[in-house]
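Accompanying notes for the structure given below.
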Amino acid sequence: MTMKRIVIGVTGASGTIYAIDLLKKMHDMPDIETHLVLSTWAKKNLALETDYSFQEISELADYVYSNSDQGAKIASGSFLHDGMIIVPASMKTVAGIAYGFADNLIGRAADVTIKEQRKLIIVPRESPLSVIHLENLTKLAKIGAQIIPPIPAFYNHPASIQDLIDHQTMKILDSLHITNDYDKRWDGD
Ligand SMILES: Cc1cc2nc3c(=O)[nH]c(=O)nc-3n(C[C@H](O)[C@H](O)[C@H](O)COP(=O)(O)O)c2cc1C
């Protein structure tokens with residue numbers, strides 16, 4: 001069994017529940033080691049949008065860091081990992097990463113992930129998207145980041161919010177080559 005080390009950044013965009021779901025599923029996978037950072041506004045949205053406390057989301061991860069800890073191990077390229085996911089990603093954090101403005105741990109860990117040419121997955125959440133947002137996301141996609149917006153599919157007839165979230169988590173796990181079947185896959189008509 002090969003252990004996968006995954007860094008998860010959670011920012012202050014709407015949709016903290018996507019991060020919780022991903023963490024819950026990864027928590028149940030013995031071969032995944034998670035490294036979690038929440039921004040200040042992610043913590044606010046966690047309280048606004050969910051019934052989870054910071055303590056409860058922290059307990060789903062193997063390691064938790066403060067977003068102001070620029071000396072954390074995930075801030076260095078010498079820390080080897082198999083991918084970083086920012087879920088949900090605010091437009092402010094997307095802009096910071098697109099311009100290398102690494103003034104917090106999420107931005108720095110993403111900057112390092114890019115320079116080390118490791119996998120970076122961004123789950124951007126904003127609507128409508130301005131040209132600024134689209135250009136920043138395009139820039140990140142061009143340098144190899146994978147943009148996986150939380151856009152539901154309806155060919156599987158989702159019946160609940162959890163079905164929609166499962167689909168998004170499946171997309172993220174698929175991108176990391178983590179075997180899963182959290183949602184039905186399109187298998188031809
Ligand atoms: C309830 C709430 C919902 C928000 N939703 C979004 C959003 O969907 N997308 C976004 O880009 N910013 C959103 N914001 C604004 C961000 O939280 C704000 O830009 C913040 O500075 C982002 O900082 P961070 O990326 O360090 O978390 C929201 C703020 C609040 C309070």
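Since the model is a prediction, treat every value here as computed from it, not as a measurement.
You'll find the side chain of V7 stays beyond 4.5 Å of the side chain of T113, heavy atoms only. By the 4.5 Å heavy-atom criterion applied to side chains, S14 and E49 are counted as neighbours. Within the 4.5 Å cutoff, side-chain heavy atoms of I86 are placed close to those of M84. Under the 4.5 Å side-chain criterion, counting only non-hydrogen atoms from C-beta, L173 is in contact with M26. Taking 4.5 Å as the limit, every side-chain heavy atom of S39 sits out of range of all side-chain heavy atoms of N104. Considering only heavy atoms from C-beta on, L46 stays 4.5 Å or farther from V10 through its side chain. At least one side-chain heavy atom of M91 sits under 4.5 Å from a side-chain heavy atom of L129. No side-chain heavy atom of K92 sits less than 4.5 Å from a side-chain heavy atom of W41.
Residues passing the ring pair (Phe, Tyr, Trp, His ring centres under 6.0 Å) test with F79, sequence neighbours excluded: H35. In this structure F154 satisfies the ring pair (Phe, Tyr, Trp, His ring centres under 6.0 Å) test with no other residue, sequence neighbours excluded.
Between the side chain of N45 and the backbone N or O of G15 there is no donor-acceptor pair closer than 3.5 Å. Between the side chain of T11 and the backbone N or O of S90, at least one donor-acceptor pair lies under 3.5 Å. Between the side chain of R108 and the backbone N or O of A75 there is at least one donor-acceptor pair closer than 3.5 Å. Formation of a donor-acceptor pair under 3.5 Å by the T93 side chain with backbone atoms of A89 is not found in this model. For the pair N156 (side chain) and P158 (backbone), a donor-acceptor distance under 3.5 Å is absent. Under the 3.5 Å distance criterion, the side-chain polar atoms of E126 are left unmatched by any main-chain donor or acceptor of A13. Between the side chain of D62 and the backbone N or O of T34, at least one donor-acceptor pair lies under 3.5 Å. K4 places a side-chain N or O within 3.5 Å of a backbone atom of L176 that can act as its donor or acceptor partner.
Atom CZ of F101 has 12 or fewer heavy atoms from other residues, nucleotides or ligands within 6.0 Å. No more than 12 heavy atoms of other residues, nucleotides or ligands shown are found within 6.0 angstrom of NZ on K142. Other residues, nucleotides and ligands contribute at most 12 non-hydrogen atoms within 6.0 Å of the CD1 atom of I132. Counting heavy-atom neighbours within 6.0 Å of Y182 OH, excluding the residue itself, gives a total above 12. More than 12 heavy atoms of other residues, nucleotides or ligands sit less than 6.0 Å from atom CG of D28.
Under a cutoff of 6.0 Å and an axis angle of 45°, K139 and Y99 form a cation-pi pair.
The stretch residues 177-189 participates, sequence neighbours left out, in these salt bridge (Lys or Arg N to Asp or Glu O under 4.0 Å) pairs: D174-R185, D181-R185.
Ion pairing between a basic and an acidic side chain is recognised when a charged N comes within 4.0 Å of a carboxylate O; D21 and K25 show such pairing.
Here the CD1-CD1 distance, from I172 to I85, works out to 6.0 Å after rounding to the nearest 0.5 Å. Of the inter-residue distances, the one linking M170 atom CE with I178 atom CD1 reads 13.5 Å to the nearest 0.5 angstrom.
In this structure, a donor-acceptor pair under 3.5 Å is present between the side chains of S175 and K119.
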